[in-house]
Amino acid sequence: MSVEATLTIQHQTQIAPNIYELCLAGSLAEEPVTPGQFVDIKIPSDALLLRRPFGVAKVDAQQKTMTLLYRVVGEGTTILSQTPVGTELSVLGPLGSGYPIAQLQSGQKALIIGGGTGIPPLYELSRQLVAKGVQVQHLFGFATQSAIFYQSEFEALGPTAYATNDGSYGYQGHIGLLLDAQFADALTTYDAIYACGPKGLLMAVDNRFAEHPNAYISLEERMACGIGACYACVTKLRSNPEVQLKICDDGPVFKTNEVLI
């Protein structure tokens, strides 16, 4: 169940070029969060009316903190990155449908695939899977080595392979090439597949794991309201393209081969 609450900026740090780690404190962090869900934040500016969606990277219910990782891409995120510690923000969440993990048991294996700003919600996913005793393998794509963030955090949870477009770190090329080169047997090796990232990455995962019984993708989309009221973020059901699904409400997580990307 989503709620609107006031959270306070506890700290904010730039962790990579244009990438910020934002830690918020407040009662909303005590709400149960399914990995892959997001929150909508009111940017502290009278000129900006629409909230901005952010994937939840980490929740600590005991400390009542919620951590978000985001990229500065426009006026809203620029203002947020400059907002000082102690500022109170209006936050709506948790929103959307997250990644199913209840079906996995201790000792099973999960492959977690991400790229760029699609990676943050995968950290909470990996944390919750590891807490269940699931063995995780991370597979991440970045433009270049300097763009990599949360490397030690993910590697503390499980093996992590990287692909960079320029070959400056890990495998040279995009995620699809790395999947072909080093994870060709992933369809049968892993009990679950989870992915979040840019359209090309999602298409690669959707194609390769269309028949996997537990493979899921999270669509990245600009969500104007975050609650399914405005129909600004929609996708089409693959089996019946006349049926439109709201990414913010019906998703953002969908089964592979379920929607048109």
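All values derive from a computational prediction rather than experimental measurement.
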Evaluate the criterion side chain to side chain contact (heavy atoms under 4.5 Å, CB included) for residue pair V259 and R238; output intermediate values, then yes/no. CA-CA 5 Å; V259 298; R238 184 178 294 273; 5.8 Å; no

Would you say that [X] contacts [Y] through its side chain, given a criterion of any heavy-atom pair below 4.5 Å between the two side chains?
| X | Y | result |
| --- | --- | --- |
| I43 | R52 | yes |
| E124 | Y99 | no |
| L92 | V3 | no |
| L69 | I15 | yes |
| L202 | K199 | no |
| E31 | P94 | yes |
| Y194 | I101 | yes |
| F140 | I119 | yes |

Are any side-chain N or O atoms of [X] and backbone N or O atoms of [Y], one a donor and one an acceptor, separated by less than 3.5 Å?
| X | Y | answer |
| --- | --- | --- |
| K42 | S45 | yes |
| Y190 | A215 | no |
| T164 | Y169 | yes |
| Q108 | D191 | no |
| E88 | I9 | no |
| H174 | F142 | no |
| T189 | D185 | yes |
| Q37 | T34 | yes |
| K132 | L104 | yes |
| Q63 | T65 | no |

Under a 4.0 Å threshold between the charged nitrogen and the carboxylate oxygen, would D206 count as salt-bridged to K255?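 Salt bridge absent between K255 and D206.
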
With side chain to side chain contact (heavy atoms under 4.5 Å, CB included) as the criterion, how do V72 and Y70 come out once you've worked through the C-alpha distance, each side chain's angles and the decisive distance to 0.1 Å? CA-CA 7 Å; V72 173; Y70 69 94; 4.2 Å; yes

With rounding to the nearest 0.5 angstrom, report the [atom1] to [atom2] distance, [X] to [Y].
| X | Y | atom1 | atom2 | result |
| --- | --- | --- | --- | --- |
| L68 | Y20 | CG | OH | 15.0 Å |
| Q14 | I19 | CD | CD1 | 9.0 Å |
| S146 | D166 | OG | CG | 8.0 Å |
| C233 | D249 | SG | CG | 8.5 Å |
| T67 | D60 | OG1 | CG | 8.0 Å |
| N240 | Q244 | CG | CD | 11.0 Å |

Do you know the tightest heavy-atom contact between [X] and [Y]?
| X | Y | value |
| --- | --- | --- |
| D40 | P53 | OD1-CA, 3.1 Å |
| A16 | A147 | CB-O, 4.1 Å |
| P252 | G96 | CD-CA, 4.1 Å |
| P198 | G115 | CD-O, 3.6 Å |
| L157 | S126 | CD1-OG, 3.4 Å |
| V59 | A29 | CG1-O, 3.2 Å |

Find out if a path of hydrophobic residues (ILVMFWY) with successive side-chain heavy-atom gaps under 4.5 Å connects [X] to [Y].
| X | Y | value |
| --- | --- | --- |
| V205 | L177 | yes |
| M203 | L260 | no |
| I175 | F149 | no |
| V56 | L24 | yes |
| L178 | F154 | no |

Compute the centroid of each ring, for Y162 and then for Y171, and state whether the two points are separated by less than 6.0 Å. no

Counting the benzene-type ring for Trp, do F38 and F54 have ring centres under 6.0 Å apart? no

After noting the C-alpha distance and the side-chain angles of F254 and Y216, does the key distance pass the ring-ring contact (aromatic ring centres under 6.0 Å, His included) rule? CA-CA 6 Å; F254 296 96; Y216 304 90; over 10 Å; no

Distance-only polar pair, side chains of [X] and [Y], donor-acceptor under 3.5 Å:
| X | Y | value |
| --- | --- | --- |
| S168 | T144 | yes |
| T256 | R208 | no |
| E4 | S90 | yes |

Out of the candidates L201, V253, N257, I261, only one should pair with I217 under the side chain to side chain contact (heavy atoms under 4.5 Å, CB included) rule; please name it. I261

My understanding is that only one of I113, L187, L139 makes a side chain to side chain contact (heavy atoms under 4.5 Å, CB included) with I193; could you say which?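 Single pass found, and it is I113.
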
Other residues, nucleotides, ligands: >12 heavy atoms within 6.0 Å of [X] [atom1]:
| X | atom1 | result |
| --- | --- | --- |
| K64 | NZ | no |
| Q103 | CD | yes |
| Q182 | CD | yes |

Under the side chain to side chain donor-acceptor pair (under 3.5 Å) test against T160, which residue among H138, Q137, E153 passes?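 So, applying the side chain to side chain donor-acceptor pair (under 3.5 Å) to T160 and each of H138, Q137, E153, only H138 qualifies.
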
Test side chain to side chain contact (heavy atoms under 4.5 Å, CB included) applied to K236 and L245, step by step: CA-CA 6 Å; K236 296 179 180 180; L245 301 176; over 6 Å; no

For I79 and L48: C-alpha separation, side-chain torsions, deciding distance, then whether side chain to side chain contact (heavy atoms under 4.5 Å, CB included) applies. CA-CA 10 Å; I79 292 173; L48 301 178; 3.8 Å; yes

